[in-house]
Amino acid sequence: LDSLLNSDQDDRIDADCLLLLANLVTAFIRDLKLSTSHLQSIQTLCWLSQRLSASSDIILDRILPFVMYYLTSQVAQVRRAAIIALVTLFKQISSVPRNHANTFPEYVLPSLLPLCQDPSIHVRTTLAKHLADIAELSLKFLDLMTLGGGVSTAAEI
């Protein structure tokens with residue numbers, strides 16, 4: 001898996017294979033026990049989102065819920081990685097379908113709010129470090145919705 005994640009041969013991987021890999025990774029996430037396994041799955045989800053960036057629906061519907069799941073992990077290092085992964089995922093989004101118009105105000109921001117008072121200083125500093133990025137990405141989401149009236153592309157902004 002490490003060789004695949006570190007490979008630069010993206011053009012040789014079919015999008016259908018990536019979707020199959022995303023389904024496989026997400027199917028086993030809740031059964032993982034070791035924090036290193038959780039971190040590896042977060043890394044894999046980020047890698048998949050970068051290669052599936054042309055399909056915002058797949059990122060929002062199939063990958064985002066599992067990254068959000070990791071925000072409630074008992075392990076601080078996993079929560080930190082989930083915050084970073086969340087920013088990485090949203091940077092890959094180039095269009096916003098109408099059914100995801102309220103993703104930030106109703107789903108992402110309420111999930112991040114408890115992390116502001118997280119017991120781990122590392123989680124709080126990671127959130128503070130990426131807070132500006134999260135604000136810009138939520139504005140990008142809003143712009144994509146208002147300028148395009150639903151599904152639009154980042155090139156229109």
Does any pair with a residue in residues 99-119 pass salt bridge (charged side-chain N to carboxylate O under 4.0 Å, His left out), and if so which ones, sequence neighbours excluded?
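Only Arg79-Asp118 qualify under salt bridge (charged side-chain N to carboxylate O under 4.0 Å, His left out).
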
Restricting to side-chain contact (heavy atoms from CB on, under 4.5 Å), what partner residues turn up for Lys129, sequence neighbours left out?
none

Nearest heavy atoms of [X] and [Y], plus distance in Å:
X	Y	answer
Ala82	Leu71	CB-CD2, 3.7 Å
Ser49	Leu89	OG-CD1, 3.6 Å
Lys140	Ile93	NZ-O, 2.5 Å
Val78	His38	CG2-CB, 3.9 Å

By side-chain hydrogen bond (donor to acceptor under 3.5 Å, both in side chains), Thr88 pairs with (sequence neighbours left out) none

By side-chain hydrogen bond (donor to acceptor under 3.5 Å, both in side chains), which residues pair with Thr126, not counting sequence neighbours?
Arg80

With the 4.5 Å side-chain cut-off for hydrophobic clustering, are Ile84 and Tyr69 part of the same group?
no

Atom [atom1] of [X] and atom [atom2] of [Y]: how far apart are they, to the nearest 0.5 Å?
X	Y	atom1	atom2	value
Thr103	Asn99	OG1	CG	7.5 Å
Ile58	Gln92	CD1	CD	13.5 Å
Gln74	Ser35	CD	OG	11.5 Å
Ser95	Phe141	OG	CZ	9.0 Å
His130	Thr125	NE2	OG1	9.0 Å
Thr44	Leu39	OG1	CG	10.5 Å

Report yes if some heavy atom in the side chain of Ile134 is under 4.5 Å from a heavy atom in the side chain of Leu127; otherwise report no.
yes

Going by atom type alone, with no hydrogens or angles, which donor-acceptor pairs under 3.5 Å involve a side-chain atom of residues 59-66 and a protein atom two or more places apart or on another chain?
{"from": "Asp61", "atom 1": "OD1", "to": "His100", "atom 2": "NE2", "distance (Å)": "2.7"}
{"from": "Arg62", "atom 1": "NH1", "to": "Asn23", "atom 2": "OD1", "distance (Å)": "3.1"}

Name the one of Asp133, Leu131, Val67 that satisfies side-chain contact (heavy atoms from CB on, under 4.5 Å) with Val87?
Asp133

Distance-only check: which donor-acceptor pairs under 3.5 Å involve side-chain atoms of residues 108-116, not counting sequence neighbours?
{"from": "Ser111", "atom 1": "OG", "to": "Tyr107", "atom 2": "O", "distance (Å)": "2.8"}

Any side-chain to backbone donor/acceptor pair from Ser56 onto Val96? Under 3.5 Å, distance only.
no

Taking the six-membered ring for Trp, are Phe90 and Phe104 parallel (under 30°), tilted (30 to 60°) or perpendicular (over 60°)?
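The arrangement is tilted - the two ring planes meet at 30° to 60°.
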
Can you check side chain to side chain contact (heavy atoms under 4.5 Å, CB included) on Ile121 and Arg124, steps first, answer last?
CA-CA 5 Å; Ile121 187 76; Arg124 293 193 311 264; 3.1 Å; yes

Given the rule in the side chain to side chain contact (heavy atoms under 4.5 Å, CB included) test, do Met68 and Leu86 qualify, once you have shown the distances and angles that lead to the verdict?
CA-CA 8 Å; Met68 299 298 290; Leu86 188 68; 3.6 Å; yes

